[in-house]
Peer 1: 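Before I ask anything, here is the structure I am working with.
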Amino acid sequence: MKHFLNLNEISTKDLKGILKQAQEMKDARAGLPKGTIDENQPLHQHIVALVFEKPSTRTRTSFDVGVRQLGGQPMVLSGAEMQLGQGESIADTARVLSRYVDLIMIRTFDSDTLYELAKYSTVPIINGLTNESHPCQIMADIMTFEEKRGSIEGKKVVWFGDGNNVLNSFLHAAGKFKFSLTFSGPKELDPSKSLTQEAKNLGVEFYIDRDPYSAIKDADLIATDTWISMHDDPKVKKDRRNQLKAFQVNEELMSKAKTDVLFMHCLPAHRDEEATSGVMDGKNSVIFDEAENRLHVQKAIMRWCLSR
Ligand code: CP
Ligand code: NVA
């Protein structure tokens, strides 16, 4: 069975195949109303459960629309309203849902929940974000980069801010797509040592540069994210702002970048905190193309999960 849990567990060939199919599907339906069903209806007679234990705008909407465009039927479930929220085990939830639906996407907290679900499910599981990773987002980011600039192989990607779940998936992707990744943030918010060590052992070009002005030099793609993630304790807010203010992506920092650098943010953003509105709405920003490509890439991910 093909689960889509983390990018480091999937072959480069399959990941590239997903991106290719996503682009073909996007091109094929250009200009059509959003509710038009794709020609060959690959999810015809299939039901997909979309389980959310955390809030979502993009993931929820893009998966729901994607399932419909593929000719399937989406079912959005809130974790808090399921027996999962009342203490039913993940294993039993997986066994039960597998009897009703053909595919499950879950957004949850601890990645152990995701892996437990996959262990006991008899249908494929897709990771729609955990505290540790966000692989669907990074597939959309790579699709967006390649759509605008060609292959990401050998390019320099720079991450500003917190070493969080989105950065972790960039790190997984760096190994698969062979781009270099530079982290520019405070030491206290470095990505996990075990993850960076594992990546380095696999030959990933991973660097830490705490000077944002030197990090941004020669970058082909720069990305940032909210300074406080959904799983973070809101009490850290004040400290985070102090720790991270030097890593804000603003016009002054952008003026030191190559003129054709792309700026990405997975959204939702706290405008004028991690990035200024001038940058988010500026000429290098592709944040809304990125959001759109979630739809196309996730359709290809669902097809991959159900393929033999
Ligand atoms: N980028 C992203 O996953 O957005 P949502 O939290 O709105 O789903
Ligand atoms: N790092 C953010 C990403 C949101 C899509 C979070 O986990 O809240």
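For ligands, and for the atoms within them, numbers begin at 1 and follow the listed sequence.
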Peer 1: Which is it for Leu129 and ligand 1 at heavy atoms under 4.0 Å: side chain, backbone, both or neither?
Peer 2: neither

Peer 1: Nearest heavy atom to atom 3 (O) of ligand 1 wins, so pick from His134, Lys54, Arg60, Arg58.
Peer 2: His134

Peer 1: Strictly below 4.0 Å, N to O, side chains only: are Lys26 and Glu147 in salt-bridge contact?
Peer 2: yes

Peer 1: Quick check: Cys266 and ligand 1, any N/O pair under 3.5 Å apart?
Peer 2: yes

Peer 1: Are Thr182 and Val157 close enough that some pair of their side-chain heavy atoms sits under 4.5 Å apart?
Peer 2: no

Peer 1: Can you hop from Ile126 to Ile142 via hydrophobic side chains spaced under 4.5 Å?
Peer 2: yes

Peer 1: For Gln137, take its heavy atoms, then give the atoms of ligand 1 lying under 4.0 Å from any of them.
Peer 2: 1 (N), 2 (C)

Peer 1: What do you reckon, does Ser229 have a nitrogen or oxygen under 3.5 Å from a nitrogen or oxygen of ligand 2?
Peer 2: yes

Peer 1: What protein heavy atom is closest to atom 7 (O) of ligand 2, reported as residue, atom name and distance in Å?
Peer 2: Asn165 ND2, 2.8 Å

Peer 1: Does ligand 2 come near enough to Met230 that some N or O of the ligand is less than 3.5 Å from an N or O of the residue?
Peer 2: yes

Peer 1: Which residue owns the protein heavy atom closest to atom 1 (N) of ligand 1, what's the atom, and how far is it?
Peer 2: Leu267 O, 2.8 Å

Peer 1: What residue and atom, counting heavy atoms only, is the protein's closest point to atom 6 (O) of ligand 1, and at what distance?
Peer 2: Arg107 NH1, 2.8 Å

Peer 1: Checking Asp211 side chain against Tyr213 main chain: does a donor-acceptor pair fall under 3.5 Å?
Peer 2: yes

Peer 1: In terms of atom number and element, which parts of ligand 1 are under 4.0 angstrom from non-hydrogen atoms of Thr57?
Peer 2: 5 (P), 7 (O), 8 (O)

Peer 1: Please report the closest heavy-atom contact between Leu253 and Pro212, naming both atoms and the distance.
Peer 2: CD1-O, 3.5 Å

Peer 1: Got a sec: does the CZ of Arg60 have more than 12 other heavy atoms crowding it under 6.0 Å?
Peer 2: no

Peer 1: So with a 6.0 Å cut-off around CD of Glu188, is the heavy-atom count from everything else above 12?
Peer 2: yes

Peer 1: How far is atom 2 (C) of ligand 1 from the closest protein heavy atom, and which atom is that?
Peer 2: Arg294 NH1, 3.3 Å

Peer 1: Measure the distance from atom 3 (C) of ligand 2 to every protein heavy atom, then report the residue, atom name and distance (to 0.1 Å) of the closest one.
Peer 2: Asp225 OD2, 3.6 Å

Peer 1: Within the 4.0 Å heavy-atom shell around Leu267, which atoms of ligand 2 are there?
Peer 2: 5 (C)

Peer 1: What residue among Leu171, Leu7, Asn168 forms side-chain contact (heavy atoms from CB on, under 4.5 Å) with Ile138?
Peer 2: Leu7

Peer 1: Taking only Lys NZ, Arg NE, NH1 and NH2, and the carboxylate oxygens of Asp or Glu, determine whether Arg241 and Glu273 approach each other closer than 4.0 Å.
Peer 2: yes

